[in-house]
Number of protein chains: 4
Amino acid sequence: MTKTADDITKRTSIGAQRNPASEEAILTAAAEILSEGGLSAFSIEAVARRAKAGKPTIYRWWPSKAALLLDIYHRQKGETFYPDTGSTRADLVAFLETLLGFWKTSGGEVFRSIIAEAQSDPAALEALRDYAVTRCRASGLILERGVARGEIGEALDIPLVMELFSSFCWQRLLTGRLDPSQDQITHLVDAVLTGFAAKDRAAQ
Amino acid sequence: MTKTADDITKRTSIGAQRNPASEEAILTAAAEILSEGGLSAFSIEAVARRAKAGKPTIYRWWPSKAALLLDIYHRQKGETFYPDTGSTRADLVAFLETLLGFWKTSGGEVFRSIIAEAQSDPAALEALRDYAVTRCRASGLILERGVARGEIGEALDIPLVMELFSSFCWQRLLTGRLDPSQDQITHLVDAVLTGFAAKDRAAQ
Amino acid sequence: MTKTADDITKRTSIGAQRNPASEEAILTAAAEILSEGGLSAFSIEAVARRAKAGKPTIYRWWPSKAALLLDIYHRQKGETFYPDTGSTRADLVAFLETLLGFWKTSGGEVFRSIIAEAQSDPAALEALRDYAVTRCRASGLILERGVARGEIGEALDIPLVMELFSSFCWQRLLTGRLDPSQDQITHLVDAVLTGFAAKDRAAQ
Amino acid sequence: MTKTADDITKRTSIGAQRNPASEEAILTAAAEILSEGGLSAFSIEAVARRAKAGKPTIYRWWPSKAALLLDIYHRQKGETFYPDTGSTRADLVAFLETLLGFWKTSGGEVFRSIIAEAQSDPAALEALRDYAVTRCRASGLILERGVARGEIGEALDIPLVMELFSSFCWQRLLTGRLDPSQDQITHLVDAVLTGFAAKDRAAQ
DNA sequence: CTTTAAGCGAGACGGTACGTCATGTCTTACG
DNA sequence: CGTAAGACATGACGTACCGTCTCGCTTAAAG
């Protein structure tokens, strides 16, 4: 994303249809404001000012602050791939590292803003809930592959366990601790994967 | 807490010292507003109005909205006990159920407001981080007892694992899904405790 | 001015331009407050409340309380005419009576508020000074006609003398004594016009 | 006025009576604030802060801001003398120059604050009115001497004419134009003293 | 080939909340 | 009882955003 919100010449209506240049400018401006000043600097006014857009234009297409935030997030995230190394352990470690890494570099500010916004906006809450559930199901792919390989028992509630892992990332994001060591991540994955109940008991 | 913010007659200064009646009235009013209208209804103005207190009185003692929220939370939470049933599994299940239950009935609205607030207030973020770390360490008691009993290996990073469990609760709180079934909780505890890697592999 | 600030139904924006209905409502409300409660009741908040206008709308168009007061005064005063009876003496008497009369019935409260405000607001002070100087020059017309008629010598510093007469009115306004008798006014005009130095000396 | 409000060591109650040191400190502090920041900087809070006095101490002895201002003014003004040069004209010129000069150097800020305050405080208005009337009567001494000398006819309403002169000074004070030239003052005095009606008419 | 209808920027509108300041009253602790 | 100190309820200050509105325009599609 090399171009910024400033490189407009003069946008105006292109007829009775949504102007992609305005949409572009608004989303870019919004993302910039968020990354520069955080959620507290993020207001519809500020976005409109920066994007040189009218406020009604924003309200026309995004009913709330949260909707705008969600749009920014999806545009930044792009496609999500779940690496397939052949090992559930490695896949899980990669999953956690990728997510935390993405949030650390760019998307974190946006996503934590979405979560914050959802706490006072019921519609945003619902969107967030749907998103979270969907993501847990999608990322379950990692464990499903493990089941197929016979690494994991079939009785496991896969989305529930994936929720556990993603929750850990959420909590780290929300408390500003996105930098767990490589060791911590592998330790965590190992602990959950093999269970931390003493092995002699498991052998009983 | 049977009495509400309304049962004051006429508060005034009691000299050059903090008036406990005002503090009481403010915290009560704040808690009521939060539980009735959620975070979006929660403003210093509204608290002052309801508590029949002056805004400066609030700002004098609570530097920010977040500080007020934290105070409310601590007052509602009271002492935290970690049940000791003699079984790590049962202790963990009880821990999760207690936390989710507390959030479902009263404290949840407050705590999710704190998290939201922390996403735009650096000081609140720090307070939240400290609180989260402290709580994970404290709740580690459950696993420490397990280690002492020989149920759990000594190599385990206890706070990290407790973080996992509490994160799950956070995520449920933040997505408005505080009602996992009893089964889900036990399933989750079992999965993590015994590991979900297929047992024949563990036996290898 | 028969209609009051209350007879609005529902004002709103009429586009990116000043809404005359709002301006009207604000000025009317401000004038009413001033005449009912005096300067101490006059606050931007109170005006906004009564005019059912937003505070920012007031601040957008009137940078200060003083600016608002000046606007009210000009609107109340309307055009100023200096009667031409053919006699300087009669013109001066009429001038004083008209000014004192106007202040007694409606404009006095406004003008003394402007003077008060100017004592703590440099911009208002400047506006007041300009106004005072301009008015003294304009009312000099009365004496200029006298000069043209040969009633008054040409060497007289006309604005300075008019300042003297208007000052008298100011002082009466500011000390709440707007009711000098007809006799006092004529006595004053005569004293200044013919000089109060004993006539035998003038004849020397 | 060499000592300032700061040279206190530690004032406290001297028993059940007014503490002169506090009174002194309060008046000094008030005068300093007024001369440094003008009326807009003048508040009971600020005075208390600077004088290191309790607010109730101020309220106990001065019922209003205006009372405090009046006290400051009287203390600054000291005794008033009306020079007696043997010539009414010279006496009047000296009177105007002395008054304007005093206001220019020190007392002006205080007096214009009193006038401003009186526009929103009925009690202050009354005090100001009484003061103005008294002063006009007292300064009438100048003209009374002229009458005694035969310079001025006996029919003149002396206080009314003195009001005219003092009004001129008030107006200059209130519009921030305390620097009329020597010429203007003498011109004014001459104009009023000898009358500005053309002499040929007076001779008719 | 016009009309029409929607989108656009701009920005004013009535509001609400912000965080700060001053008001005048009150109580305490001390002398 | 007078004092310094300072907390209290109240309410105005001036600012920032909110979400809605109308303006004057531009342009693609419908008649």
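Proteins come first, then strands; the chains are lettered A, B, ... in the order of their sequence lines, and each starts at number 1.
Nearest to the side chain of Arg60(B), among dC8(F), dG19(F), dC8(E), sits dC8(F).
Comparing Lys65(D) and Pro63(B), the nucleotide of DNA chain E nearest to each residue sits closer to the 5' end for Pro63(B). Between Pro56(B) and Ala53(C), the one whose closest nucleotide on DNA chain E sits nearer the 5' end is Ala53(C). Of the two residues near DNA chain F, Ile44(C) and Asn19(B), the one whose nearest nucleotide lies more 5' is Asn19(B).
The OH atom of Tyr59(D) sits 17 Å away from the P atom of dA5(F) (whole-angstrom rounding). If you measure from atom CD1 of Ile58(A) to atom P of dA10(E), you get 11 Å, rounded to the nearest angstrom. Atom CD1 of Ile26(A) is separated from atom P of dA10(E) by 11 Å (rounded to the nearest Å). Rounded to a whole Å, the CZ atom of Arg11(B) is 15 Å from the P atom of dT27(E). Taking atom CD of Glu23(C) as the reference point, atom C1' of dG14(E) lies 17 Å away to the nearest angstrom. Rounded to whole angstrom, the span from the CD atom of Glu45(B) across to the C1' atom of dA16(F) amounts to 13 Å. Distance CZ (Arg18(A)) to P (dA6(E)): 17 Å, rounded to an integer number of Å.
An OP1 or OP2 oxygen of dA4(F) is reached within less than 4.0 angstrom by a side-chain nitrogen or oxygen of Thr57(D). Contact annotation: Arg49(B) reaches the phosphate of dA17(E) (side-chain N/O to OP1 or OP2, under 4.0 Å). Contact annotation: Trp61(B) side-chain N/O to dG6(F) OP1/OP2 distance is not under 4.0 Å.
Arg60(C) is linked by a side-chain contact (heavy atoms from CB on, under 4.5 Å) to Thr57(C), counting only residues two or more places apart in sequence or in another chain. In this view, Asp71(C) and Trp62(C) satisfy the side chain to side chain donor-acceptor pair (under 3.5 Å) rule, not counting sequence neighbours. For Ala116(B), the side-chain contact (heavy atoms from CB on, under 4.5 Å) partners two or more places apart in sequence, or in a different chain, are Ala116(A), Gln119(A), Leu39(B). Take Gln17(A) and apply the side chain to side chain donor-acceptor pair (under 3.5 Å) test, not counting sequence neighbours, and it matches no residue. For Ala53(A), the side-chain contact (heavy atoms from CB on, under 4.5 Å) criterion is met by Arg11(A), Ile26(A), Ala51(A), not counting sequence neighbours. Considering only residues two or more places apart in sequence or on other chains, Glu45(A) meets the salt bridge (charged side-chain N to carboxylate O under 4.0 Å, His left out) condition with Arg49(A), Lys55(A). Qualifying salt bridge (charged side-chain N to carboxylate O under 4.0 Å, His left out) partners for Glu117(B), counting only residues two or more places apart in sequence or in other chains: none. Annotation: side-chain contact (heavy atoms from CB on, under 4.5 Å) contacts of Thr12(A) (sequence neighbours excluded): none.
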Intra- and inter-strand pairing of DNA chain F, written as dot-bracket with Watson-Crick and G-U pairs under 3.5 Å and | for the latter, reads |||||||||||||||||||||||||||||||
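Within residues 35-43 of chain C, the residues that place at least one heavy atom under 4.0 Å from DNA chain F are, in residue-number order, Ser43(C).
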Which pairs would a plain distance check flag for residues 123-130 of chain A, meaning a side-chain donor or acceptor within less than 3.5 Å of a matching protein atom at least two apart in sequence or in another chain?
residue, atom, partner, partner atom, Å
Arg129(A), NH1, Thr175(B), O, 3.1
Arg129(A), NH1, Gly176(B), O, 3.1

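At least one side-chain heavy atom of His74(C) sits less than 4.5 Å from a side-chain heavy atom of Tyr131(C).
Taking only distance into account, the side chain of Lys55(D) never meets the base of dG6(F) through a donor-acceptor pair shorter than 3.5 Å.
When heavy atoms are screened at a 4.0 angstrom cut-off, Ala46(D) is found touching no nucleic acid atom at all.
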Before giving the answer on side chain to side chain contact (heavy atoms under 4.5 Å, CB included), spell out for Tyr73(C) and Leu69(C) the whole-Å C-alpha distance, their side-chain angles and the decisive distance to 0.1 Å. CA-CA 6 Å; Tyr73(C) 190 64; Leu69(C) 288 168; over 6 Å; no
Please write out the pairs of protein N or O atoms and N or O atoms of nucleotides 25-31 of chain F separated by less than 3.5 Å, giving the distance to one decimal.
residue, atom, partner, partner atom, Å
dT26(F), O2, Ser13(A), OG, 3.4

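At a threshold of 4.0 Å, the pair Glu23(A)-Arg75(A) does not count as salt-bridged, since none of the basic side-chain nitrogens sits closer than that to a carboxylate oxygen.
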